[in-house]
Number of protein chains: 2
Amino acid sequence: MSQSIPVNQMSSISKSSCQRCSLSNLCLPLALDSTDMNRLDEVVNRDRIFNRGEQVFTQSTPFRSCYAVKSGAIKTSVITESGDEQITGFFMPGELVGLDSMSDEIHASTAKALERTSVCEIPVEQLENLANTLPGLQHHMFHLMSQEIRNSHQLSVLLSKNTAEERIAALLLSLSSRFQRRKLSPTHFNLPMARNDIANFLGLAVETVSRVFTRFQNQGLIRAKGRDIELVDLEALQTMALGNAQP
Amino acid sequence: MSQSIPVNQMSSISKSSCQRCSLSNLCLPLALDSTDMNRLDEVVNRDRIFNRGEQVFTQSTPFRSCYAVKSGAIKTSVITESGDEQITGFFMPGELVGLDSMSDEIHASTAKALERTSVCEIPVEQLENLANTLPGLQHHMFHLMSQEIRNSHQLSVLLSKNTAEERIAALLLSLSSRFQRRKLSPTHFNLPMARNDIANFLGLAVETVSRVFTRFQNQGLIRAKGRDIELVDLEALQTMALGNAQP
DNA sequence: TCGTGTGATTGATATGAATCAACCAGGGTT
DNA sequence: AACCCTGGTTGATTCATATCAATCACACGA
C-alpha cells in the first residue's frame, strides 16, 4: 500500500541525460558545466530498476560501480562476522550509494532497495578516469566522500550519546530536511523504511521505536499511521534532537 | 612517564623526504613512484610538532590541510550542538588525519595530540592539484577516504551492537594490529590515550572501562598497569570482540 | 471468506551499564 | 614532607532500554 505513492515520480524521464535530470543539483553533476556533463552522461548506466527488497550490490562481491538514487530509497548495511546486520545509511533520490567501497576491490556493504527504486549506475573505473580529467568532478567526489564520513560520525554521536527519543527525533528531522531538499513536504511524508530498519539503524529494539512513536504521538509532536508520518511540532522535535543541552 | 617511550623514534629524520620516511609504505606515497614522490615532497610541510594536549586543528576553523602522523598519536572529536564531545578516531603513525573535511571550507572535527606528536602537514589545495595530475594519488586518496568511511561504520556497529567488553576487546585488537603494522609488538604496548578517551570513544562511562580492564586482567586476558598493556590471550580477545556469535 | 504471515503495538520483567559517591596512587609544586 | 590535582579504581544504587510474551491489524493467496 505504501508503495504506490512515492515511487517513480520522475520515472517519465526515460532516455534522459544528467542535464535534464531533476536531481542534477543534488547528484554528481553539481560541479560540472554542460560540456563536462555530457562526458559524465556517456559513462552513466541509466534506468536500472530494483524492486523492493532486491539487492543493488552485495557485501564482499566485486566492486565496479556506485549508484545514484533517482527515485525510491535504498538502505546500506554491513554484516558483522558474528552474523548480525547493522544498517549504515538510508539513501534518498539525489544521493550517491557505495562510496564506502571506492577504489576497493570488493563491496564493504550491501545495498538493498526499500521500495521500487531506480538508479543510475556509475562505473567507478570510468568515474575515476573522468575525475582525473575534470578537477571539478574530483573535488566533488572528495566532497561527497568527506560528507559521508561526517554523516557516519554523526551516527556514532547519536549512538553513543543520545537517548532513544533523541535518536528518533534526529532521524525524523534528517528525513524531513532531505524531503525538503527535493521540494517535497518536510512535514508530511512516507517513511521508506520499516520500524525494524529504523531500530537497527539507531541501535534500538523495534519495541522501543514503536513506543517512542506512540509517545511522540501522544505528546502531539507527530502524527503517525504506519509509514505515513506528519511532523506536527518541528520546534519541539528539534530541541529534542539536540538532546541533553545544559544551559 | 608514559611519554618518553613511543615518541620520536624517527625524529632523527630532520630534513627528510617522503622517500626516506619509514612510514612511506603506510602513508600517502604508497601508490607513487619516485619521481611522483618528489612532487609530493615539494608540497608537504614537514616537522610540525605538537605537545600533548595541543590542537592540530579545530572544529569550525578554516580547513586548509590534512596531516600525516609521523610519531605520537592524535585523537579527533566532534563537539555536538549540545556541547559534549565524541571522539571519532585515534590516529597513529602512518595514518592520515582530517579527511572528514576534505574539500570543505571548515574543519568538521578537532584534532588533538595525545602525546608529543610530529606530523607532516599536507595543504589540501595542492594535494588536490597533485591528485589531478597523478592518477595513482587520486586513487589512493579515494582509497583512504573510503577506508575512513568503513572505519566509522565499524565504530557504529560496535556502538550499537556490542557490549562494553566486546567494544574494549575490539579496540585493544585494533590498536594491536596497528602496532604490528609498524613492526612493533602487537602484544605489549603503551596506550596513547587515557581511560577517559577510551570511554568516550566507545560510548561508555570511564568507570565501566576501568571495570572491564580489571575483569580482563582477572580472567588472564591482559595485563594492564596504567597505560602499559600486555595482551596475554589474543585468541580469547578475538572471540570476545566478535561478540554474540551464535553457533 | 477464511486462514496465514508479517510488521507493529503494548505490557511485564530483567539487566547492563550509567550514575553517584568514595577512595586511591602517583607526580608535580610549594 | 605535606599538599594538591588529575586520572584511575571500586562499590552501591538507579534507570533506560532490551527481552520475553501476547495481541493486533492488515495484506495476500488459497
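Chain letters run A, B, ... following the sequence lines, proteins first, then strands; residues in each count from 1. Everything numeric in this text was worked out from a predicted model, so none of it was measured. Worth knowing before you read on, the calculation uses all heavy atoms, side chains too, and leaves out hydrogens, waters and symmetry mates.
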Parallel, tilted or perpendicular: ring planes of Phe57(B) versus His107(B), cut at 30 and 60 degrees: parallel
Spacing of Phe213(A) atom CZ relative to dA8(C) atom P, expressed in whole Å: 10 Å
Atom-pair distance (CD1 on Ile198(B); P on dG7(D)), nearest Å: 14 Å
Sole residue of Lys75(A), Lys70(A), Arg178(A) in salt bridge (Lys or Arg N to Asp or Glu O under 4.0 Å) with Glu95(A): Arg178(A)
Gln217(B) CD - dT9(D) P separation (whole Å): 9 Å
Nucleotide of dT9(C), dA17(C), dG11(D) approaching Ser210(A) most closely (side-chain heavy atoms): dT9(C)
Backbone of Ala73(A) reached by a side-chain donor or acceptor of Thr117(A) within 3.5 Å: yes
Thr208(A) side chain, from C-beta outward: closest of dC26(D), dT19(D), dA18(D): dA18(D)
Check: dT9(D) base within 3.5 Å donor-acceptor of Arg215(B) side chain: no
Nearest listed nucleotide, side chain of Ala164(B), among dG11(D), dT9(C), dA17(C): dA17(C)
Euclidean distance, atom CG of residue Asp84(A) to atom P of dA18(D) [Å, nearest integer]: 14 Å
Euclidean distance, atom CD1 of residue Ile168(A) to atom P of dT17(D) [Å, nearest integer]: 9 Å
Selection from dA18(C), dG11(D), dT10(C) that lies nearest to any side-chain heavy atom of Thr214(A): dT10(C)
Length of the line joining Arg195(B):CZ and dA18(C):P, which is rounded to integer Å: 16 Å
Donor-acceptor pair present, Arg211(A) side chain and dG11(C) base, under 3.5 Å: yes
Aromatic plane relationship, Tyr67(B) with Phe50(B) - under 30° parallel, 30 to 60° tilted, over 60° perpendicular: perpendicular
Whole-Å gap separating P (dG5(C)) and CG (Asn196(A)): 18 Å
Selection from dT9(D), dC20(C), dA21(D) that lies nearest to any side-chain heavy atom of Glu207(A): dA21(D)
Nucleotide nearest Thr163(A) (side chain, heavy atoms from C-beta), chosen from dA21(D), dT17(D), dT10(D): dT17(D)
For atom CD of Glu165(A) and atom P of dC15(D), their distance in whole Å: 16 Å
Listed nucleotide nearest any side-chain atom of Ala194(B), set dC26(D), dG8(D), dT9(C): dG8(D)
Check: Arg227(B) side chain, Arg195(B) main-chain N or O, donor-acceptor pair, under 3.5 Å: no
Touch class at under 4.0 angstrom, heavy-atom based, for Ala205(A) against every strand present: base
